[in-house]
Each structure stands twice: as C-alpha cells, then as structure tokens.
Amino acid sequence: MYDTKSRTWDVAYSSGLSLVIGKHTFLFLGLENLRIGVVSITGAGLTASLRTKALMRGSGAAGKIPRQELQKPVDLTETYINHTDYIKDTMDVDSARTGLELLKHLNKNVSRIVAEVPFSFHDIEAAWGSIYGFNVDIMLAGVQKYWIDMSPDVIADDVMYFRDQSVYNLDDGQVGAGLGTMHGKWTVERSYDLWAETSALAQAKLGLEYQAFKTPDIRPNSALPNAIHPFLRDLPILGYPVSPHILSRYFGVKETTP
C-alpha cells in the first residue's frame, strides 16, 4: 500500500513553529489506498522549527525571543496554546502508534484534497512544495487555515500533485499577524496500513483462525468514517480472497462458475 497511489486525500495540519528552518507537519489519509501517515514539509525559512511544547519559555534572558518584531506574535500564539487543547492534540499525534489513532486526530478538522496527478506515500518522499498562510514564518500552531502545494520536482512545472489546497488545523483559532510563504521538501515521518489494522481487530474479535478457503462475511473497513473508495469499504479481512462478485461490481471482472 505504500506504493499505491490515491487521487483523493483527507488532510489535517498538525503542528509547526518556524523560526529558522521551518517544519510543518500534517496528517495524510489516502482514500483510495487506505494508508494514513504523518507528513512534513521542511524548508529554509526565517528560523528553526520547534515542536509546540518548546514554546513554553523560561523567565529572564533565556525566555526572551531574540528578534523583537517576533515577540508580540509569539506571545499571542503562546497565549493561544496555553488556553486551548493544542498541546494535548500535538502530543497525542506524537504518541500515536497506530493508523486508527491518527485517524481520530485527522478527523477533528479534516480537509479534502483531490490531486491533479494521483500520488502515493512513496511519491511524497521525493516531492517538493510550499506552504503559505498567516504566521508561516513565525508560528502556525494557532492559525486556522493554510494553503499547500506539492510537486514531483524541486522546480514546480506544469505537473503538480496538487496546488493551492486549503488545509485546516486540528484546532480552530486565528492568531495571525501576516501572510507568508515557505518553500521546502516533503517527507514521510511514518505511515500505517489501515486495512491491516482493521483486519487485525476483526480477526481478534472473532477469534478466527486463518482459513483461506472460507472468507467470513465481514467488511472490516465498513465502519471507517472517511469517504474511502467503495471497493476498499467492501474488502474482506486482509488475507482472505476477494469475492468474484465484488470484483465484478467494481472492475467488470466476469464471475466464473465451477
């Protein structure tokens, strides 16, 4: 599934503090490959990226922001973070170790992206792009909406995976002080196969032993809340054969009689 492409994706912004080399993190779910992952874009911005929890500054000189013009926006963002669930949400994403856990966070404020060219998580590893929005060079933690694009090449050409797609934060809110843009490299931090996870849960719940010749009438992906492809929703437990009826319904494969 890592190499399987999807045209439609559900995406949510997760975290990011840009102060020298910006790093902004997203959750991506392929609705046509059933793979979810943590994806980031890193680029040469004003300063370095810190996780949100690093914003909790000490007192005295150690707690001061070195650039005076950044002090007020960072103060505003820090106030926002201290009075919302953003720290908890960010830490929960960091600690999530299954795709189903990530899915819960993604669906808090999900956006839909329809790609111009289908792509996979493998393609993301080699992709370049940009992010722009309020405080993109200061901090995006408290901002509500951003725009992103992704290209197969370092220089965006006519071929783009997607362009100018809006993405929302896991938390609502607006702390912005100005509009900025950061260009950078996309990477995949980790990803998970949701079909494998839902199948493992179904298998454990039923207490079934693997019997390849007998496919249980269970669709483990049917309860997923996102608009995944209907064929993926109808799939059986991973490891069991897909029925000829399902193949015929979606791909026109003729059913054969023994």
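The structure presented is a predicted model; accordingly, all values stated were derived computationally and were not measured. Heavy atoms only: backbone and side chains are in, while hydrogens, waters and symmetry mates are out.
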Could you check if a side-chain atom of Y13 sits within less than 4.5 angstrom of a side-chain atom of T25, using non-hydrogen atoms only? no

With sequence neighbours excluded, what pairs up with A196 under the side chain to side chain contact (heavy atoms under 4.5 Å, CB included) test? D193, L238

Are R7 and E32 close enough, and set up right, to give a side-chain contact (heavy atoms from CB on, under 4.5 Å), and what steps lead you there? CA-CA 7 Å; R7 181 178 294 275; E32 289 143 18; 3.5 Å; yes

Heavy-atom side-chain proximity of D164 to I148 below 4.5 angstrom: no

Quick one: does any side-chain atom of K185 pair with a main-chain N or O of E125 as donor and acceptor, under 3.5 Å? yes

Can you tell if the side chain of Y250 reaches within under 4.5 Å of the side chain of P230, non-hydrogen atoms only? yes

Compare every heavy atom of E101 with every heavy atom of S95, then report the nearest pair and how far apart it is. O-OE1, 4.2 Å

Using a 4.5 Å cut-off on heavy atoms from C-beta on, say whether the side chain of F28 contacts that of I124. yes

Ignoring hydrogens, what is the shortest heavy-atom contact between P241 and P236? Give both atom names and the distance. O-CG, 3.7 Å

Taking all non-hydrogen atoms of both residues, which atom of L194 and which atom of G99 are closest, and how far apart? CD2-C, 3.6 Å

I need the H122 NE2 to N33 CG distance, nearest 0.5 Å. 13.5 Å

Look at the rings of F251 and F231 and say which category their plane angle falls in: under 30° parallel, 30 to 60° tilted, over 60° perpendicular. perpendicular

With sequence neighbours excluded, residues passing ring pair (Phe, Tyr, Trp, His ring centres under 6.0 Å) with Y192: none

Test of understanding: with side chain to side chain contact (heavy atoms under 4.5 Å, CB included), list the residues that count as partners of P225, not counting sequence neighbours. L103, N107

How about Q203 and Y240: do any of their side-chain heavy atoms sit closer than 4.5 Å? yes

Using the rule that two of Ile, Leu, Val, Met, Phe, Trp, Tyr join whenever any of their side-chain heavy atoms come within less than 4.5 Å, decide whether V114 and F121 are in one cluster. no

Identify the two heavy atoms, one from Y161 and one from A127, that lie closest to each other, and give their separation to 0.1 Å. CE1-CB, 4.2 Å

Which salt bridge (Lys or Arg N to Asp or Glu O under 4.0 Å) pairs, counting each pair once, include a residue from residues 229-238, with sequence neighbours left out? R219-D234, D234-R249

Between L31 and H229, is there a side-chain heavy-atom distance shorter than 4.5 Å? no

Hits for side-chain hydrogen bond (donor to acceptor under 3.5 Å, both in side chains) against R112, two or more places apart or cross-chain, chain-then-number order -> D10

The salt bridge (charged side-chain N to carboxylate O under 4.0 Å, His left out) partners of E116 (sequence neighbours excluded) come to R163

If the condition is side chain to side chain contact (heavy atoms under 4.5 Å, CB included), which residues does S130 pass it with, not counting sequence neighbours? D149, T181, H183

For T198, what residues pass the side chain to side chain contact (heavy atoms under 4.5 Å, CB included) criterion, not counting sequence neighbours? L100, W195, P220, N221, L224

Any idea which heavy atoms bring V159 and P152 closest together, and the distance? O-CD, 3.5 Å

How about V38 and V188: do any of their side-chain heavy atoms sit closer than 4.5 Å? no

Partners passing side-chain hydrogen bond (donor to acceptor under 3.5 Å, both in side chains) against T187 (at least two apart in sequence or in another chain): S40

Report yes if some heavy atom in the side chain of L235 is under 4.5 Å from a heavy atom in the side chain of V242; otherwise report no. yes

If I compare all heavy atoms of S191 with all of R35, which pair ends up nearest, and what's the gap? OG-NE, 2.9 Å

Aromatic contact, F119 with W9 (centres under 6.0 Å): yes

I want to know whether F26 and W186 have ring centres closer than 6.0 Å. yes

